Amino acid sequence: MSSRRISYSQAINEALSEEMERDPSILMLGEDVAEPGGVFGVTKGLYQKFGGERVLDTPISEQALVGAALGASLLGVPTITEIMFSDFVTLAMDQLVNQAAKFHYMTGGRTSVPMLVRMVTGASGAASAQHSQSLEAWFTHTPGLKVVTASTPYEAKGLLKSAIRDPDPVLFFEHKLLYNGKGEVPEEDYTLPIGEGTVALEGSDVTIVAYLHMVPKSLKAAKILSAEGISVEVWNPRSLVPFDREGLRQTLKKTGRLVVVQEAPKRSGFGAEIAAIAAEECFDLIKGPIRRVGAANTPIPYAPVMENLVIPGVDDIVEAVRRTI
Amino acid sequence: MSSRRISYSQAINEALSEEMERDPSILMLGEDVAEPGGVFGVTKGLYQKFGGERVLDTPISEQALVGAALGASLLGVPTITEIMFSDFVTLAMDQLVNQAAKFHYMTGGRTSVPMLVRMVTGASGAASAQHSQSLEAWFTHTPGLKVVTASTPYEAKGLLKSAIRDPDPVLFFEHKLLYNGKGEVPEEDYTLPIGEGTVALEGSDVTIVAYLHMVPKSLKAAKILSAEGISVEVWNPRSLVPFDREGLRQTLKKTGRLVVVQEAPKRSGFGAEIAAIAAEECFDLIKGPIRRVGAANTPIPYAPVMENLVIPGVDDIVEAVRRTI
Amino acid sequence: MPNNNLSEYNAEFLVKLYRDMVLIRRFEERASELRNAGHIPGFLHPYIGQEAVAVGICAALGKNDFIASTHRGHGHILAQGGDPKNMYAELYARQDGYNKGKGGSLHLANVDLGIIGANGIVGGGIPLVVGAALAIKRANEADYPGSEKCKGGVSVVFFGDGASNEGSFHESLNLAALWKLPVIFVCENNLYGEFTAQDKHQTIKDIASRSSSYNMPGLIADGNDVLDAFHVMTTAVENAKKGSGPTLLECKTYRHRGHYEGDMAHYRPKEEVAFWMAKDPIENFGKRLIENSLMKEEELQTVEAEIEQVLQDAAKYAENSPHPEAKDALEHVFVETYGGRALL
Amino acid sequence: MPNNNLSEYNAEFLVKLYRDMVLIRRFEERASELRNAGHIPGFLHPYIGQEAVAVGICAALGKNDFIASTHRGHGHILAQGGDPKNMYAELYARQDGYNKGKGGSLHLANVDLGIIGANGIVGGGIPLVVGAALAIKRANEADYPGSEKCKGGVSVVFFGDGASNEGSFHESLNLAALWKLPVIFVCENNLYGEFTAQDKHQTIKDIASRSSSYNMPGLIADGNDVLDAFHVMTTAVENAKKGSGPTLLECKTYRHRGHYEGDMAHYRPKEEVAFWMAKDPIENFGKRLIENSLMKEEELQTVEAEIEQVLQDAAKYAENSPHPEAKDALEHVFVETYGGRALL
Ligand SMILES: Cc1ncc(C[n+]2csc(CCOP(=O)(O)OP(=O)(O)O)c2C)c(N)n1
Ligand SMILES: Cc1ncc(C[n+]2csc(CCOP(=O)(O)OP(=O)(O)O)c2C)c(N)n1
Ligand SMILES: [Mg+2]
Ligand SMILES: [Mg+2]
């Protein structure tokens with residue numbers, strides 16, 4: 001396969017474009033996603049390519065927007081929806097949680113909901129408390145929703161394509177700070193399997209589990225630790241639901257030590273679930289306390305100096321690993 | 001202190017009534033809480049006692065209802081709000097999560113939000129997927145919110161009073177299946193401290209951590225296990241935020257074995273947080289896998305035979321404890 | 001067209017309207033009995049008194065048209081062609097229920113019949129039909145596998161006076177109007193949301209008037225007159241199908257019983273109840289059919305007898321339908337489970 | 001009362017209106033420069049062009065009155081008495097900011113000044129003022145510690161045309177109307193929600209007309225004429241204070257710049273921009289003051305000079321204000337932390 005370096009946001013844009021080309025029934029909806037191409041520019045050119053019948057700007061009405069996406073999906077028109085900042089999903093929780101997540105189940109399997117929601121997530125640029133949250137854990141606690149994350153352009157394109165093709169409601173988390181980062185992406189059509197984690201870095205002393213923007217941070221931490229003679233394996237589950245238990249077990253077999261890293265507040269984040277799985281199912285492999293790194297249990301403050309303290313940094317990861325050894 | 005046996009719902013009613021009497025600024029809001037006295041009858045008589053100026057029926061508008069409670073609280077009028085079924089809070093998430101939880105913080109401590117939200121929760125009576133959920137974990141993952149639960153009439157009255165007096169936003173979870181259960185409650189005014197767990201049953205082999213309706217179920221399980229010679233300690237954290245880490249450590253010191261029980265779906269529930277705390281902070285005390293009991297990761301089905309399978313039962317708890325020994 | 005003039009309609013059609021209303025009434029009465037007898041485990045919100053709305057509205061619908069319903073949904077679903085057998089089986093929580101026992105009254109659905117589902121969330125169905133109409137619009141524009149199922153259709157949502165205060169109402173009407181989608185928003189104003197009278201939950205009388213906020217037509221029908229509901233709905237459907245966009249249609253009606261089984265509805269003034277009982281949609285329509293020599297008294301009795309039989313059979317069908325197995329609870333969380341991984 | 005007639009008002013008042021508008025304009029221009037110079041880390045949504053709304057509206061308010069604002073909130077906060085020093089300090093993310101550097105532009109608040117807060121969520125502030133009005137009502141009825149702070153007041157929310165499509169708008173107006181609360185809902189229709197023109201997000205022109213859904217008065221003011229905004233608001237405030245309930249007040253206006261700093265606003269037709277630039281609220285009001293001999297050209301210059309000084313001082317104040325310490329981030333999650341337990 002030939003490949004080239006493109007940005008994460010371009011990788012997403014390509015996935016959207018190619019999938020909409022593949023399937024003429026797919027619709028895209030969101031606030032300023034059409035003519036303006038999205039606040040982060042991720043959907044640029046799609047309106048021009050597919051027209052206003054398929055790429056729709058909506059009013060500022062998150063509940064109706066997500067509900068409309070669900071209704072169309074129920075009738076066999078797959079939808080791709082953008083939540084401009086994932087914080088705004090708080091306005092659409094009923095449609096996602098009570099309706100979309102449960103439809104297939106409540107109808108005894110007689111309906112399906114091929115609905116994809118793009119969640120623009122994470123702290124970036126002093127956006128403060130209502131534009132910086134990482135809310136993925138809520139949705140992993142909502143049976144009926146799949147939750148997928150991407151940490152590189154390669155993952156973004158391959159996983160997003162799979163997520164669009166998935167017959168169930170999928171929330172696809174994209175981190176703002178990753179949009180401009182570049183990476184190798186094949187020229188050819190490809191998909192990555194949902195539900196399979198990946199070893200981002202091989203190592204033998206400790207496993208760091210990380211996803212989204214915590215993957216590059218963990219890789220940096222691993223580099224620093226390697227200089228100290230600590231060999232870190234970085235394992236990225238990629239999708240949180242489904243979660244690759246076997247992958248987790250495999251890496252713990254190698255290392256026996258676990259540090260779980262998430263950007264969301266530490267309390268009750270998905271990192272707790274990962275730690276709990278390890279403590280329940282891999283206890284035989286675990287050699288010491290399972291450490292978690294997450295944001296402080298505070299809202300996200302505005303001042304960069306405070307934001308830096310709250311959001312987990314490379315230092316925090318390094319420190320947690322050191323304490324684990 | 002003299003006491004008498006009253007129901008959990010009467011205990012709540014007394015707490016509401018006495019607190020509104022104590023503080024003439026408190027307002028109560030909700031759908032059908034005033035004249036009708038609430039769908040579950042919990043607020044009966046309060047409208048008659050305090051009048052329509054203080055006990056207000058609202059339209060079916062959860063977002064405005066919760067937002068109005070917040071606005072009044074911000075101006076120094078404490079509010080008590082009922083979410084008739086906690087599933088409906090999905091419609092008020094912005095006001096709770098983006099606004100109420102963060103106000104004190106975002107304003108650098110210059111405002112406060114003495115707001116109490118009663119969350120009627122849990123599965124009961126084949127109410128199916130949209131009237132049965134246990135959503136407390138979401139709110140424990142939202143810094144700025146306190147999360148309190150009650151498992152007996154005594155706890156309900158004492159904790160609710162503390163929660164109403166608390167200067168921060170508190171979500172108070174009440175389980176429908178507990179409403180009719182009776183228990184001893186003092187005649188005199190009393191409060192129970194938020195942030196302190198309680199040993200519901202002393203034991204030495206295994207600790208079960210449980211809250212809400214899982215407490216009585218765990219006590220039943222303990223009885224069965226006791227007949228098999230297994231001595232179970234049942235520890236109830238009462239409040240999830242703040243969480244009594246020291247209490248958890250104390251019980252684990254005794255038993256070294258942990259089973260965490262919740263009614264919510266197992267994945268990413270608050271039980272995961274408890275297990276993760278134990279695996280991180282009490283690893284030195286832990287003798288074997290930390291088991292979790294929670295609902296199956298499915299929506300709640302209608303048919304009782306299926307609901308029974310999904311919601312954790314006494315059997316499930318017994319089985320988990322047996323596997324832990 | 002004088003919408004109330006029986007002579008405008010053929011007799012067969014009129015008898016069917018009558019029959020469908022009786023079916024709903026008796027279905028609900030029996031459901032209540034079956035619940036009291038312990039056969040139905042969950043909530044029931046009886047539709048009794050409002051039959052003319054469901055029947056009049058759905059009579060204006062055809063293939064490729066879709067409805068979304070509410071917690072008080074049995075009437076809508078029967079009117080849209082739901083089979084009492086599978087409906088009772090669902091209420092009984094059995095395998096032959098439309099939802100295989102997983103949904104119950106609040107979630108009865110069958111997309112093949114154009115029923116997007118009852119709903120446990122007040123106002124929850126309103127955004128869904130905006131999406132359904134979007135799918136219809138897509139199917140009108142392009143061919144793709146399945147597009148034939150909704151080409152040319154309209155989508156309809158039922159909701160109550162109480163629901164008209166939810167944010168979803170506002171957002172959905174705005175969106176449908178903006179996109180000129182083929183939606184009819186049918187508000188059944190039965191004067192109460194649970195135990196709260198309309199004048200204690202909103203400051204307007206005619207909910208139809210809210211259409212002006214969206215530059216959308218707002219129509220009012222007598223919700224106790226099946227022909228009026230049908231007639232007004234026909235106009236709205238025509239407009240939707242010819243691309244003129246959505247309509248808000250308010251049907252004024254009343255529920256005869258409490259909000260749910262068990263509610264004695266003491267909060268309603270006696271005179272109000274009496275006023276509306278005198279406007280019983282079935283009794284009055286039956287009388288008119290007789291007065292106009294379209295049916296005879298005995299024929300009304302025959303309808304009753306036939307329906308009695310249908311419902312007896314349906315209840316028996318439900319009773320004989322196997323219970324689901326406990327482990328069925330673990331199915332249908334996802335279509336694609338990735339070898340079970342998604343379920344853990 | 002001929003609202004536009006300068007002779008109805010005293011000169012001091014008129015000069016203050018002018019001055020307040022200039023303060024906002026220059027505050028925003030400078031904020032933009034300070035951001036470009038790297039002093040302000042977060043988003044900015046400049047209020048330039050809409051000054052007459054904030055100033056006209058807040059001029060009708062007094063002690064015990066409260067406002068809630070939006071992402072485009074600086075103008076409202078200045079008009080309500082916010083001090084540029086503490087505002088710039090907040091934008092700079094410093095300790096002397098109104099929010100001690102924890103909030104930033106989107107969350108500027110000071111309840112003591114009657115400012116319930118800017119808001120990062122479109123429509124997020126609308127329910128808050130319904131609650132504020134409820135507190136006012138309670139304070140009017142009863143005495144309790146603190147009740148003197150809001151007795152007799154009104155509460156006011158600013159929001160945009162885009163926000164009028166959020167469910168919170170609908171629910172809040174219905175609730176306020178039902179309870180006849182002293183609220184004024186001020187919609188600043190600047191014809192765009194982000195990059196989307198009004199006719200692409202709703203099918204009406206006059207958002208004030210949505211008041212009819214709540215049987216509430218709906219008024220329209222020229223949002224580029226500070227006296228008109230003031231006059232219409234005065235009526236609404238009087239009604240609210242005498243117990244007649246809420247008003248929806250639409251102010252027609254325009255933002256001169258892009259949605260946020262960095263947006264070049266290419267999506268707007270040149271003629272439209274030119275049309276509105278010609279209606280500049282400050283320039284035109286200044287001209288009228290001169291024409292009516294209420295101010296002289298030099299006096300306008302003096303105002304400019306004074307404000308230049310105020311803002312220079314404010315920026316200096318901000319620059320000299322200490323940075324918060326990183327560990328301050330861990331404070332103010334709760335009032336009561338139960339000895340730190342609540343924070344872990
Ligand atoms: C979001 C939400 N809030 C509250 C409820 C509880 N509830 C069920 S039915 C109902 C009343 C609905 O009134 P209306 O819309 O007029 O319909 P009707 O019952 O009169 O048919 C309420 C409040 C609910 N199911 N969902
Ligand atoms: C709930 C929510 N949705 C979307 C956004 C992103 N956003 C910020 S401002 C804005 C436009 C608001 O338009 P309008 O209400 O007209 O106010 P204006 O910007 O014109 O002052 C949008 C969509 C948001 N902040 N909150
Ligand atoms: Mg009703
Ligand atoms: Mg605008």
Side-chain angles (χ1 to χ4, degrees), chain A residues 30-39 41 47 52 56-67 84-85 87-95 123-133 265-267 294-311 313 315, chain D residues 40-43 71 90-95 97 99-108 118-124 160-170 193-198 200-203 259-260 263 266-267 323-334 342-344:
Chain A
E31 293 166 7
D32 290 315
V33 296
E35 286 200 61
V39 162
Y47 170 84
L56 295 99
D57 279 330
T58 73
I60 314 176
S61 307
E62 287 76 11
Q63 205 177 339
L65 154 60
V66 172
M84 189 194 294
F85 287 77
D87 316 64
F88 309 158
V89 79
T90 49
L91 291 154
M93 291 296 280
D94 170 56
Q95 290 297 320
S124 137
S128 64
Q130 296 172 340
H131 286 72
S132 301
Q133 291 168 89
K266 184 172 171 183
R267 186 195 299 125
N297 293 316
T298 75
I300 309 292
Y302 171 61
V305 56
M306 291 197 267
E307 189 192 283
N308 281 342
L309 182 100
V310 167
I311 299 293
D315 297 2
Chain D
I40 297 177
F43 298 117
H71 57 285
E90 187 59 32
L91 301 186
Y92 270 64
R94 302 298 172 95
Q95 278 188 23
N99 308 43
K100 300 191 182 156
K102 277 194 162 136
S105 172
L106 287 177
H107 307 296
L108 276 164
N119 213 304
I121 301 297
V122 169
D161 49 299
S164 75
N165 299 326
E166 285 281 15
S168 62
F169 166 88
H170 175 64
E194 282 192 2
F195 322 126
T196 300
Q198 189 192 3
K200 292 198 177 158
H201 70 65
Q202 57 193 195
T203 47
H259 171 62
Y260 40 45
D263 167 25
H266 292 310
Y267 44 86
H323 284 278
E325 287 185 68
K327 71 175 170 44
D328 295 347
L330 305 179
E331 266 169 37
H332 304 310
V333 179
F334 293 112
L343 301 175
L344 294 171

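Computed from a prediction, not measured in an experiment: that's the story for all the values here. Throughout, protein chains are lettered first and strands after them, A, B, ... in sequence-line order, and every chain is numbered starting at 1.
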*Look at D/K200, D/H107, D/H266, D/E90 and state which one has the largest set of heavy-atom pairs under 4.5 Å with chain A.*
D/H107

*Which bit of D/Y260 comes within less than 4.5 Å of chain A, counting heavy atoms only: side chain, backbone, both or neither?*
side chain

*Between CG of D/N119 and CD of A/Q130, what distance do you get to the nearest 0.5 Å?*
5.0 Å

*Does some side-chain heavy atom of A/Q63 sit less than 4.5 Å from a side-chain heavy atom of D/E166?*
no

*Is any side-chain heavy atom of D/E194 less than 4.5 Å from a side-chain heavy atom of A/M84?*
yes

_Which one wins on heavy-atom pair count under 4.5 Å against chain D: A/D57, A/D87, A/V39?_
A/V39

*With only heavy atoms counted, which part of A/E35 is less than 4.5 Å from chain D, the side chain, the backbone, both or neither?*
side chain

*Relative to chain A, which segment of D/F195 carries a heavy atom at a distance below 4.5 Å: side chain, backbone, both, or neither?*
both

*Using a cut-off of under 4.5 Å for heavy-atom pairs, which of D/G42, D/G124, D/A326, D/A93 has the most such pairs with chain A?*
D/A326

*Shortest non-hydrogen contact from D/G103 to A/S128?*
O-OG, 3.3 Å

*Residues forming a ring-ring contact (aromatic ring centres under 6.0 Å, His included) with A/F85, sequence neighbours excluded*: A/F40, A/F88, A/H131

*Measure from the side-chain N and O atoms of A/Y302 to the backbone N and O of D/L91, and report whether any donor-acceptor pair falls under 3.5 Å.*
yes

*Between CZ on residue A/R267 and CG on residue D/L344, distance to nearest 0.5 Å*: 8.0 Å

*asked:* Could you report the tightest heavy-atom contact between D/N165 and A/P59, atom names first, then the distance?
replied: ND2-CB, 3.7 Å

*Residue A/N308 versus chain D: region with a heavy atom under 4.5 Å*: neither

*Contacting region of A/A296 [heavy-atom separation from chain D under 4.5 Å]*: side chain

Indicate every side-chain donor-acceptor pair of residues 327-334 of chain D with a distance under 3.5 Å to a residue at least two apart or in another chain.
| from | atom 1 | to | atom 2 | distance (Å) |
| --- | --- | --- | --- | --- |
| D/D328 | OD2 | D/E325 | N | 3.0 |
| D/H332 | NE2 | B/G108 | O | 3.4 |

*Could you state the interatomic distance from CD1 (A/I60) to CD1 (D/I121), rounded to the nearest 0.5 Å?*
11.0 Å

*Where is the tightest heavy-atom contact between D/G101 and A/M306, given as atom of each residue plus distance?*
O-CE, 3.6 Å

*Output the distance between atom OG (A/S61) and atom NE2 (D/H170), rounded to the nearest 0.5 Å.*
12.0 Å

